[in-house]
Amino acid sequence: MRFLKILISQFHKLYKVNGINDEIKNIFQRLIHEYYNKFGRDFPFRRQINPYYVLVSEVMLQQTQTNRVSLKFLEFIKRFPDFESLAMANNNDILETWQGLGYNRRALALKKIANIIIQEYNGELPNSIEILKTFPQIGHNTASSILTFAYNKPTFFIETNIRRVYIYYFFPGRTNIDDKEILEILKKTIDAKNPRKWYYALMDYGVMLKKNHPDLYKRSKHYKKQPKFKGSDREIRGHILKLLIKKKEFPIEEMIRIIGLSKIRVKKIIDQLEKEEFLKKVENLIKLV
DNA sequence: GTCCTGAAGC
DNA sequence: GCTTCAGGAC
């Protein structure tokens, strides 16, 4: 701890005078690693690593807290242990296991990805950002993190905890910081020899920083307040899907009655769910696909 | 660019 | 009421 404090104060002093250079890079890497060696977090998806587990956990971790993902991850890989079993599974079982994580379309996307990997990539997760980005629900950040965690390949990506670390150390006093600026410095400071460990360490450090500096993210250009969940279409949509997963099918009129809101509003949400391939309408029934 | 998308802990 | 490991559709 004492050693860590020395590194931190050295960093601030030297960065203020010289800006970014090799010495700063060295001190920064040492302090991040030093913290991780002492206080790094332990997760099931960090203990057992294979490309399938990494894909599942990274998709689960989009917009969802680590502590909520840990248990679900174990449940999920127990029920769907590999690409093949997920590709063979039906949506109903997948959504049932997914309950509690939210953003259910991620679950459907995972199944689609499993299908693509079995059919087009011989059952192996492609080792390429460009290919991964063609998969549903996989953008640049998720593609990069998957490659780094699955194959220990150096990539450059920002997520909320990483952003917090860079804002804190490299943009003191600044506001409206663009991720492009952070990415430039991130590229210059990466530990390319141990990318997997490096990114674990960065994220864990960012989580720690949040305790004493909860407002760091607000200095990002990309900070946005979320709209209210209570009373939103999202809440209704979640409710409809939850009922459907439990009972498989409902007469559409009964669903409208249970939800207790205007027919027009509920129908619109049901149409959207149909369009996203969660459910289908059969005569007067709605049922899971 | 803007809007949409869950659920839970605090 | 607040925040929380973004990505897709438009």
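Residue numbers start from 1 in every chain, and the chains themselves are labelled A, B, ... in the order their sequence lines are given, proteins ahead of strands. Below, each value reflects all heavy atoms present in this structure, side chains not excepted, and no hydrogens, waters or symmetry copies.
- Residue A:Q137 is classed as a sugar-phosphate contact, given heavy-atom separations below 4.0 Å to backbone atoms only.
- Summarising the geometry, the separation between CG on A:L132 and P on C:dG8 is reported as 12 Å, rounded to the nearest angstrom.
- Remark: A:R106 is not in phosphate contact with B:dT5, judged by side-chain N or O atoms under 4.0 Å from OP1 or OP2.
- Side chains of A:E159 and A:N161: a donor on one and an acceptor on the other come within 3.5 Å.
- Taking the nucleotide of DNA chain C with the nearest heavy atom to each of A:N141 and A:R68, the more 5' of the two is matched to A:R68.
- Put simply, the side chain of A:L31 reaches to within 4.5 Å of the side chain of A:L4, judged on heavy atoms.
- Spacing between C:dC5 and B:dC4 at atom P, rounded to whole Å, works out to 23 Å.
- A:S85 and A:D82 share a donor-acceptor pair across their side chains, judged by distance under 3.5 Å alone.
- Atom CD1 of A:I146 sits about 12.5 Å away from atom NZ of A:K133, to the nearest 0.5 Å.
- Contacts between residues 219-233 of chain A and DNA chain B, counted as heavy-atom distances below 4.0 Å, involve A:Q226, A:F229, A:D233.
- Residue contacts for A:F135: at a heavy-atom cut-off of 4.0 Å it reaches the sugar-phosphate backbone alone, with no base atom in range.
- Per the geometry, CZ belonging to A:F278 stands 17 Å off P belonging to B:dC4, to the nearest Å.
- For B:dC4, the paired base is C:dG7 (Watson-Crick or G-U wobble, both distances below 3.5 Å).
- By the 30° and 60° cut-offs, the orientation of the rings of A:Y169 relative to A:H12 is parallel.
- The nucleotide whose nearest atom lies closest to any side-chain atom of A:Y103 is, among B:dA7, C:dA6, B:dT5, B:dT5.
- At a threshold of 4.0 angstrom between heavy atoms, the contacts of A:K72 with the nucleic acid are absent.
- Spacing of P atoms, C:dC10 relative to B:dG6, comes out at 16 Å, to the nearest Å.
- Backbone-only contact: A:K275 has heavy atoms under 4.0 Å from sugar-phosphate atoms and none from a base.
- If you check every strand for non-hydrogen atoms under 4.0 Å, A:Q62 touches sugar and phosphate atoms only.
- Side-chain contact, A:R219 with A:Y168: no donor N or O sits under 3.5 Å from an acceptor N or O.
- Ring orientation note: the planes of A:F170 and A:F28 are nearly perpendicular, at an angle over 60° on the 30°/60° scale.
- Residue A:R234 contributes atom CZ, which lies 12 Å from atom P of C:dA6 at whole-angstrom precision.
- Closest-nucleotide positions on DNA chain C for A:I138 and A:T66 were compared, and the one nearer the 5' end corresponds to A:T66.
- Between A:L71 atom CG and B:dG9 atom P there is a gap of 11 Å when expressed in whole angstrom units.
- The existence of a salt bridge linking A:E277 and A:K111 is excluded, since no basic side-chain nitrogen approaches an acidic carboxylate oxygen closer than 4.0 Å.
- Distance, A:L243 CG to B:dG6 P: 14 Å, rounded to whole Å.
- Salt bridge absent: A:E253 and A:R257 never bring a charged side-chain N and a carboxylate O closer than 4.0 Å.
- In this structure, the nucleotide among C:dC5, B:dG6, C:dT4 sitting nearest to the side chain of A:Y217 is C:dT4.
- Rounded to whole angstrom, the span from the CG atom of A:L273 across to the P atom of C:dA9 amounts to 15 Å.
- Among the heavy atoms of the strands, none lies under 4.0 Å from A:K133.
- Across all strands shown, B:dG9 pairs with C:dC2; the Watson-Crick or G-U wobble distances both stay below 3.5 Å.
- In terms of phosphate contacts, A:N104 brings a side-chain nitrogen or oxygen within less than 4.0 Å of OP1 or OP2 of B:dG6.
- In this structure, A:N67 atom CG and B:dA7 atom P are separated by 16 Å, rounded to whole Å.
- Note: CG (A:D179) to P (C:dA6) measures 11 Å, nearest angstrom.
- When each of C:dC5, C:dT3, B:dT5 is scored by its nearest atom to the side-chain atoms of A:R105, the top-ranked nucleotide is B:dT5.
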